[in-house]
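Protein chains get the first letters and strands the later ones, always in sequence-line order, with residue 1 at the start of each.
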Amino acid sequence: MNIVVIGWGGDGHAPSAAVRELLGGARRLAQQSGGQVIGAALGGAAKAATGMIEYGADRVLIVDHPALAELDAEAYAAAAHVVCDQAGDALVLVPGDRLGWEVAPRLAHRLAAGLVTDCLAVDWEGGRFVMTKPVYGGKAMAKLAARTATQVALVRARAMEPLEPQTGRAGDVEALNVNLSPGRVKLLERKQEETQGQVRLEDAPVVVSGGRGLGGPEPFRMLEEIAQLVGGAVGASLAAVDAGWISPQHQVGQTGKSVAPDLYIAVGISGASQHVAGMSNSKTIVAINKDPEAPIFRVAHIGVVGDYKEVLPAFVAELRKIKGA
Amino acid sequence: MHIAVCIKQILDPEISPRAFKIDPVRKAADPGTASLVIGPFDLNALEVAIQLKERHGGQVTALTLGSDKAKEALRRALAMGADQAVLIDETQVSAKEPSVTARVLAAAIRKLDPVDLVLTGRQSGEWDFGQVGALLAEELGMPFVPFVPRLDVAGNGLRLEREADGGVVVVEAPRPCVASVTNANDNVPRLPKVKDIMMANRKPITVYGPGELGLGAAEVGDEANRLEVLDLFIPEVKSECEFIEGEDGAEKGANLARKLVERKVI
Ligand SMILES: Cc1cc2nc3c(=O)[nH]c(=O)nc-3n(C[C@H](O)[C@H](O)[C@H](O)COP(=O)(O)OP(=O)(O)OC[C@H]3O[C@@H](n4cnc5c(N)ncnc54)[C@H](O)[C@@H]3O)c2cc1C
Ligand SMILES: Nc1ncnc2c1ncn2[C@@H]1O[C@H](COP(=O)(O)O)[C@@H](O)[C@H]1O
């Protein structure tokens, strides 16, 4: 069965990181399932069509159209649909970014295909594709298969590995002439995230996060101070965000940001699976919690059982000494 | 303004990993003693709808596809401020995945007074498919805006904020449309007062079966499901936590800083 990789974004010749990963995953799956890897180079990704061949596609179909200039999901779903129609029965891999979450269900609906979102793995088992996704906030994993011939998988970032590009790899590139109409949702304004001179949460080498256990907005000042000292950023649990102590852009977790810093410090956070889903890939995890039974200690590498009100000031003082600040 | 809000009753997502068990035969969570609640983002969606009604007038209809128990979720929605509640009885529906759920909810929404806006949560909070909103838009032929923390009326349409990669995007959509709601500090669900809870208990709940929605086995039977669950399991976590020693919190705090230096983390 053919495997279609839906591609958007990226700048210039190389496909985006997400698309490179999906092409690598598709190539490996195609070796087991048979069939071609067909890349869909949509909108700005048109320029990366030959790059998609180098990263593993056998064939690339381009759809470029002014309606694809903005990340307009209705137009992208229509464009992806055209490519899928050409590919016949196929497994369709969609990047798990915000646009993907919007396009994948619309595409699946138009193809009458089964869709599994948030895939951590897609495997070929017993003559079918098997998708693995976290459920119950990460407390469990489910393996699902589609009953439909054509099937769609929305794949989480970094779930698949890209291949080394092969310059000069041969493959057909064809531009499809498609008439698309722009979607009905109009973009008015794009607000970039304000980081107030601090590192972006996703890029920070150290993340210091606070939860409901902090009891109010003031203690977050202390977290900011620590973040400042070590060049990090401040994160938070959903509970702290809901309490209004800190703005939602700081939320780490399944429905917040995914971070993987060198050091993650969780203060007054219980370690609910939904929080852990967004930080468990951090290299070193430190938890400060007064409850020795808190689930956060199951994922932490270093634990401090204690009241943050006692622990943090001494920690900051010692940190200052060490840093000579 | 008529706003339809789709809510799902789920197993309390806050139960601790230790208390979480799986029923391997049904391939579903074993409810044990955990309570049933409304999905957290569905509560945010209800709050958004009720605030919109408070600003501009109109009515809010809460809908759920569920068992008789899901009436509790609808009563909660009524107590928060919804005006009508619709239960689609799942006894003769096999909704194991979102395509069936969306088909059923769309049929029920078509039966309501014309809607201006349909709200869902961004994801259910248990299987977290995150699909029903977009699928409803497809079923109903409406525009769709996902990941919406807040929205308001703008002329004949709506002005919505949506979370995007690296920031927030403001968009305009015509009415009617579908939006999926995400949490924000101004859509934290209100706690209904005792008086409102008592009132809600006296309000009627409309119940539909698939037949009344014009849906047969081909649309809502077992065969209609496009996905099959092969396995459900609890992944192993091996704990390797080193606990910092100390007489009191302060000593532990200082020791923590030294430990981080020793491990060359900072
Ligand atoms: C679908 C879904 C998605 C979700 N997405 C996210 C998400 O993206 N991110 C997220 O964070 N959550 C998310 N949640 C919520 C999650 O389930 C938890 O409710 C939340 O993470 C709890 O936050 P918390 O750990 O700060 O609060 P709590 O669970 O209340 O924990 C507070 C902790 O602080 C400790 N504590 C109290 N006082 C002190 C003190 N003085 N000193 C030290 N420790 C103290 C307590 O022992 C406790 O362990 C989601 C939930 C659902 C259902
Ligand atoms: N059985 C249901 N009844 C009513 N609404 C539902 C149901 N299932 C899902 N939804 C809505 O669709 C959203 C997304 O669900 P899902 O796609 O299953 O993650 C939920 O947050 C609800 O708003």
Side-chain angles (χ1 to χ4, degrees), chain A residues 97-98 101-102 105-106 109 113-118 130 135-137 139-148 183-193 230 238 241-242 244 248 255 262-263 272-273 284 295 297-307 310-312 314-315 318-319 322, chain B residues 13-14 16-17 20 22 29 122 126-131 134-135 138 143 145-147 149 164-174 182-185 188 225-235 237 239-244 248-250 252-254 256-259 261 263 265-266:
Chain A
D97 54 20
R98 297 275 182 165
W101 278 94
E102 198 177 347
R106 309 201 90 151
H109 189 270
L115 161 65
V116 181
T117 43
D118 204 19
V130 175
V135 293
Y136 297 102
K139 286 196 267 287
M141 291 286 166
K143 287 187 171 223
L144 297 129
R147 289 170 165 174
T148 49
R184 292 162 287 180
V185 178
K186 301 273 174 271
L187 177 77
L188 295 180
E189 187 187 343
R190 204 180 281 281
K191 292 188 193 165
Q192 282 307 321
E193 211 162 82
V230 294
L238 174 78
V241 170
D242 268 358
T255 52
D262 296 330
L263 174 61
S273 49
T284 300
F297 290 124
R298 305 208 305 180
V299 289
H301 305 108
I302 301 176
V304 179
V305 179
D307 188 330
E310 295 172 21
V311 177
L312 276 194
F315 175 64
E318 187 65 23
L319 206 58
I322 293 164
Chain B
E14 303 274 333
S16 83
F20 182 79
I22 275 170
R122 61 179 284 174
E126 36 161 45
W127 278 66
D128 283 333
F129 285 111
Q131 298 181 25
L135 293 175
E138 287 284 313
V145 187
F147 306 117
D165 292 313
V168 171
V169 166
V170 184
V171 299
E172 190 180 59
T182 191
N183 64 294
N185 36 26
V188 177
N225 287 276
R226 294 175 183 162
L227 299 177
E228 190 179 330
V229 180
L230 305 178
D231 195 10
L232 180 68
F233 60 97
I234 297 179
V237 276
S239 172
E240 39 173 327
C241 189
E242 176 187 349
F243 284 94
I244 301 288
D248 55 15
K252 287 180 186 173
L256 172 64
R258 291 182 204 114
K259 174 63 77 185
V261 173
R263 285 217 191 177
V265 195
I266 49 170

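Taking both residues in full, the closest heavy atoms of A/Pro248 and B/Ala184 are given as CG-CA, 4.3 Å, listed atom of the first, atom of the second, then distance. Residue B/Ala173 comes nearest to A/Val185 through the heavy atom pair CB-CG2, 4.3 Å, listed as atom of the first residue, atom of the second, then distance. Taking each heavy atom of B/Pro174 and A/Arg184 in turn, the nearest pair found is CD-O, 3.3 Å. In terms of heavy atoms, B/Phe129 sits closest to A/Trp101 at O-CZ3, 3.3 Å. Scanning both residues, A/Leu115 and B/Leu227, for their nearest heavy atoms gives O-CD1, 3.3 Å.
Put simply, of B/Lys259, B/Glu14, B/Arg122, the one with the most heavy-atom pairs under 4.5 Å next to chain A is B/Arg122. Per-residue counts of heavy-atom pairs under 4.5 Å with chain B were compared for A/Gly114, A/Ser273, A/Gly303, A/Ala314; the largest is that of A/Gly303. For the options B/Glu228, B/Arg258, B/Arg263, heavy-atom pairs under 4.5 Å to chain A are most numerous at B/Glu228. Of the listed residues (B/Pro143, B/Gly130, B/Ala134), the one with the most heavy-atom contacts under 4.5 Å to chain A is B/Pro143. Contact tally against chain B (heavy-atom pairs below 4.5 Å) for A/Gly183, A/Ala142, A/Gly137: the top residue is A/Ala142. Note: A/Thr255 leads A/Val116, A/Thr255, A/Val130 in heavy-atom pairs under 4.5 Å with chain B. Most heavy-atom pairs under 4.5 Å with chain B, from the set A/Lys191, A/Glu189, A/Lys139: that is A/Lys139. Comparing B/Thr182, B/Asn225, B/Val145 by how many heavy-atom pairs each has under 4.5 Å with chain A, the most go to B/Asn225. Each of A/Ala300, A/Gly244, A/Gly306, A/Pro295 has some count of heavy-atom pairs under 4.5 Å with chain B, and the biggest count is that of A/Ala300. Chosen from B/Asp248, B/Val261, B/Asn185, B/Ile22, the residue pairing most often with chain A at heavy-atom distances under 4.5 Å is B/Asn185. Chain B forms the most heavy-atom pairs under 4.5 Å with one residue out of A/Gln192, A/Lys143, A/Arg98, and that residue is A/Arg98. Ranked by heavy-atom pairs under 4.5 Å with chain A, the list B/Ala257, B/Pro149, B/Ala29, B/Cys241 is led by B/Cys241.
Note that CG of A/Asp118 and CG of B/Asp128 are 8.0 Å apart. Values are rounded to the nearest 0.5 Å. Expressed to the nearest 0.5 Å, how far CD1 of A/Ile302 lies from CD of B/Glu240 amounts to 10.5 Å.
At a 4.5 Å heavy-atom cutoff, the contact between B/Ala250 and chain A is made by backbone and side-chain atoms alike. B/Ile234 touches chain A through backbone and side chain together, each having a heavy atom under 4.5 Å away. Residue A/Thr284 touches chain B through its side chain alone, counting heavy-atom pairs closer than 4.5 Å. Both the backbone and the side chain of A/Asp97 come within less than 4.5 Å of a heavy atom in chain B. Heavy atoms of B/Val229 lying under 4.5 Å from chain A belong to its backbone as well as its side chain. Of the atoms belonging to A/Val299, not a single heavy atom falls under 4.5 Å from chain B. Heavy-atom distances place both the backbone and the side chain of A/Asp242 under 4.5 Å from chain B. For A/Ala272, no part sits under 4.5 Å from any heavy atom of chain B, backbone or side chain. For a residue to count as touching a neighbouring chain, one of its non-hydrogen atoms must lie under 4.5 Å from one of that chain's; by this rule A/Ile322 touches chain B with the side chain only.
Look at B/Glu172 and A/Lys186 and you find no salt bridge, because none of the NZ, NE, NH1 or NH2 atoms lies under 4.0 Å from a carboxylate O.
Formation of a donor-acceptor pair under 3.5 Å by the B/Lys252 side chain with backbone atoms of A/Val305 is found in this model.
Relative orientation of the B/Phe20 and A/Tyr136 rings is tilted, given thresholds of 30° and 60° on the angle between their planes.
Side-chain contact check for B/Glu242 versus A/His301: every heavy-atom pair is 4.5 Å or farther apart. Residues B/Ile266 and A/Leu263 are in side-chain contact: their nearest non-hydrogen atoms beyond the backbone lie under 4.5 Å apart. By the 4.5 Å heavy-atom criterion applied to side chains, A/Phe315 and B/Ile244 are not counted as neighbours.
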